[in-house]
Amino acid sequence: MKAVVIRTFGDPDGLEVVDVPVPVPAPGQVRIATEAIGVGGVDAVIRRGTLAAYGFREGHLLGSEVAGRVTAVGEGVDASWLGRRVWAFTGLSGGYAEQAVASVEDVLALPDGLTGADAVTLGGSGVVAHFALDRARFTPGETVLVRGAAGSIGITAVQLAARDRAGAVAVTTSSAERGARLRDLGATHVLDRSGENGPDTPAGFDVVIDVVGGPQLPLFLDRLNSNGRGVGGASAGGPGPLPGPPPPPRPAAPCRGSPGSPPQA
């Protein structure tokens, strides 16, 4: 079968279509003939070689999510999965192929009428965006800033926050065209990449969803209101700076009337 691997780290031109054996599902896995294959930010980071220190090498078969029809099941998997259309998370490899394997625990049956392309568009990004807002304990009426909103996770976070009646949904993006599109999807304030140039933008936010990370991350966390919550949804700009050492504990004040405390008047 055909698959796409990394010939050389860098731009997409370094990808190559090759012939590889059809995978055999292990116990607990299913094999899927792919209709659509998700292309996510993690794929781009691996393709560039950014994660080479973590064991990713040239020759790696990319892809973390697919949609298609189950063609085989491994030992211990209910045979009723055979022939069903599904979305599946394949991990950090294996998706860029005509057939892919995934653990049955990471497979969802697709409803009638949902295309494979729509399934992978909503799949990973929708889960991450929903999880980020849920972990931020977002509630209606709160103000939200989505940093790096033009990507799939950011777009979904904007739509979810707007749907759930955020008081304001500010976004950072790199172009006016992307900003206009995000307004159509529910953004109320469009900022540049540094978080500036937005007239009437709230000074602070109750929730910051950050899809970028990188060295500027603390600048955006500084824009949280008192009791605000920041959640990282991805790290397209690299990991943020490491936190410094915690401050030394303050000495406990002596209890009133405890041994060793000064006499009280």
Side-chain angles (χ1 to χ4, degrees), residues 1-132 134 151-153 155-156 233-234:
M1 70 172 187
K2 301 296 184 184
V4 177
V5 300
I6 301 171
R7 184 183 70 250
T8 56
F9 286 131
D11 295 333
D13 291 344
L15 299 178
E16 181 178 18
V17 178
V18 298
D19 290 305
V20 298
V22 174
V24 176
Q29 289 185 330
V30 300
R31 185 175 68 214
I32 301 155
T34 56
E35 297 175 10
I37 298 165
V39 179
V42 66
D43 298 326
V45 173
I46 294 172
R47 186 203 72 224
R48 296 183 194 122
T50 308
L51 300 181
Y54 294 90
F56 293 96
R57 298 287 181 263
E58 293 174 342
H60 181 76
L61 199 168
L62 286 166
S64 61
E65 61 178 313
V66 301
R69 197 172 297 276
V70 175
T71 58
V73 298
E75 181 182 346
V77 177
D78 193 323
S80 66
W81 281 105
L82 283 168
R84 299 181 72 179
R85 293 184 64 249
V86 298
W87 172 90
F89 174 67
T90 59
L92 294 177
S93 67
Y96 285 17
E98 291 182 295
Q99 299 209 48
V101 293
S103 169
V104 72
E105 296 177 351
D106 296 324
V107 171
L108 293 173
L110 293 182
D112 294 338
L114 186 67
T115 68
D118 286 343
V120 296
T121 299
L122 294 171
S125 61
V127 171
V128 173
H130 171 80
F131 184 80
D134 179 71
S152 58
I153 296 172
I155 288 171
T156 312

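Basis for what follows: all heavy atoms, side chains included, without hydrogens, waters or symmetry-related copies.
Here I6 contributes atom CD1 and F56 contributes atom CZ; the two are 8.5 Å apart, rounded to the nearest 0.5 Å. Taking NE2 of H60 as the reference point, atom CG of L62 lies at 5.0 Å (rounded to 0.5 Å). Atom-to-atom distance recorded for L110:CG and W87:CH2 is 10.0 Å, nearest 0.5 angstrom. Here the CD atom belonging to Q29 is positioned 11.0 Å from the CD atom belonging to E105, to the nearest 0.5 angstrom. Interatomic distance, CG of L92 versus CG of L61, reported as 12.5 Å (0.5 Å rounding). Annotation: the span from D13 atom CG to T8 atom OG1 amounts to 8.5 Å, rounded to 0.5 Å.
Closest heavy-atom contact between A102 and T90: CB-CG2, 4.3 Å. Across all their heavy atoms, V107 and W81 have their closest contact at CG1-CZ3, 3.7 Å. Looking at every heavy atom in both residues, A97 comes nearest to T34 through O-OG1, 2.7 Å. The nearest pair of heavy atoms linking A119 to A67 is CB-CB, 4.1 Å. Scanning both residues, M1 and Q99, for their nearest heavy atoms gives CE-O, 3.3 Å.
Using a 4.5 Å heavy-atom threshold, the side chains of D19 and K2 count as touching. Side chains of P25 and V77 form no contact here, defined as non-hydrogen atoms less than 4.5 Å apart.
In this view, F9 satisfies the ring-ring contact (aromatic ring centres under 6.0 Å, His included) rule with no residue, not counting sequence neighbours. With sequence neighbours excluded, the residues that form a salt bridge (charged side-chain N to carboxylate O under 4.0 Å, His left out) with R85 are E35.
Between the side chain of R47 and the backbone N or O of L15, no donor-acceptor pair lies under 3.5 Å. Between the side chain of D78 and the main chain of S80, a donor-acceptor pair closer than 3.5 Å is present. Of the possible polar contacts, one joining the E65 side chain to the G124 backbone as a donor-acceptor pair under 3.5 Å is found.
With V30 as reference, V73 is the one residue of V73, V101, T71 to meet the side-chain contact (heavy atoms from CB on, under 4.5 Å) rule.
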